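Read the structure below first, then the notes.
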Amino acid sequence: MRTFLLSATFGFAALLSQPASAQDASFYDCQNDRIRIAIAPMRLDKALAKFTSITRCPVSLDADQVRGRSTRTMKTALAKGRLTPGQALARMLRSTPLKSTPIHGGFSVNK
């Protein structure tokens with residue numbers, strides 16, 4: 001349940017930064033194509049929201065897996081270039097103890 005709530009939180013945060021028309025179900029259209037991505041190092045929660053906004057790929061954070069680690073203080077690494085969403089997320093997580101796993105239509109982040 002916690003995983004779902006965190007996923008919904010990140011997804012909701014990403015939607016807030018989008019125009020109202022982007023809030024329908026078609027917003028999430030995670031493709032494996034290379035796109036131009038530039039996400040600066042920042043707090044994990046903000047970086048995941050920005051990632052979702054740019055790539056249209058939802059990310060769920062497994063709260064049970066990261067228990068005892070403050071995700072608010074984790075900083076991501078730079079992800080820049082023509083990358084697939086999976087490559088971009090992996091680059092962002094390099095500076096953290098977390099890893100990403102592709103799941104149907106998005107990604108899961110855990111340790």
Side-chain angles (χ1 to χ4, degrees):
M1 182 65 166
R2 286 186 221 165
T3 301
F4 172 75
L5 292 176
L6 284 173
S7 176
T9 301
F10 287 129
F12 184 68
L15 291 175
L16 288 178
S17 64
Q18 298 297 314
S21 63
Q23 293 183 15
D24 60 47
S26 67
F27 172 78
Y28 294 112
D29 184 24
C30 188
Q31 302 295 316
N32 197 33
D33 299 329
R34 290 180 184 269
I35 59 173
R36 186 160 310 282
I37 295 176
I39 302 175
M42 64 182 77
R43 259 182 28 199
L44 178 65
D45 56 340
K46 291 181 182 248
L48 293 179
K50 184 161 185 142
F51 171 84
T52 297
S53 175
I54 292 170
T55 65
R56 297 172 60 173
C57 294
V59 178
S60 66
L61 183 64
D62 189 337
D64 291 332
Q65 290 284 318
V66 297
R67 184 176 295 154
R69 299 179 188 269
S70 177
T71 55
R72 285 194 161 281
T73 59
M74 282 187 200
K75 299 280 186 195
T76 59
L78 172 69
K80 185 174 182 179
R82 287 191 56 81
L83 307 166
T84 65
Q87 291 170 329
L89 188 55
R91 285 188 186 183
M92 289 169 53
L93 296 175
R94 280 184 187 167
S95 62
T96 73
L98 305 175
K99 302 289 181 213
S100 64
T101 304
I103 56 175
H104 181 69
F107 296 92
S108 174
V109 172
N110 52 46
K111 65 176 182 172

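By convention here, the first residue in the shown sequence is residue 1. Note that the structure is a prediction, hence the values are computed from the model and not measured.
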Closest approach of F51 and P85, non-hydrogen atoms and distance? CE1-O, 3.3 Å
Could you pull out the closest heavy-atom pair between A88 and A79, with the gap in Å? O-CB, 3.6 Å
Nearest 0.5 angstrom please: [X] [atom1] to [Y] [atom2], how far?
X    : Y   : atom1 : atom2 : result
I39  : R91 : CD1   : CZ    : 11.5 Å
M92  : L83 : CE    : CG    : 11.0 Å
L93  : M74 : CG    : CE    : 9.5 Å
Q31  : R56 : CD    : CZ    : 8.5 Å
S108 : L61 : OG    : CG    : 8.0 Å
R82  : I35 : CZ    : CD1   : 8.5 Å

Check whether any side-chain heavy atom of R43 lies under 4.5 Å from a side-chain heavy atom of K75, and answer yes or no. yes
Counting C-beta onward and ignoring hydrogens, is there a side-chain heavy-atom pair between M42 and T76 closer than 4.5 Å? yes
Using the side chain to side chain contact (heavy atoms under 4.5 Å, CB included) rule, pick out the option among S60, P58, C30 that qualifies with I103. S60
Would L44 and V109 satisfy side chain to side chain contact (heavy atoms under 4.5 Å, CB included), going step by step from the backbone distance to the final call? CA-CA 11 Å; L44 178 65; V109 172; 5.6 Å; no
Hey, does the side chain of T52 reach the backbone of L48 with a donor-acceptor pair shorter than 3.5 angstrom? yes
Indicate yes or no for a side-chain donor-acceptor contact from T101 to the backbone of N110 under 3.5 Å, with no hydrogens or angles considered. no
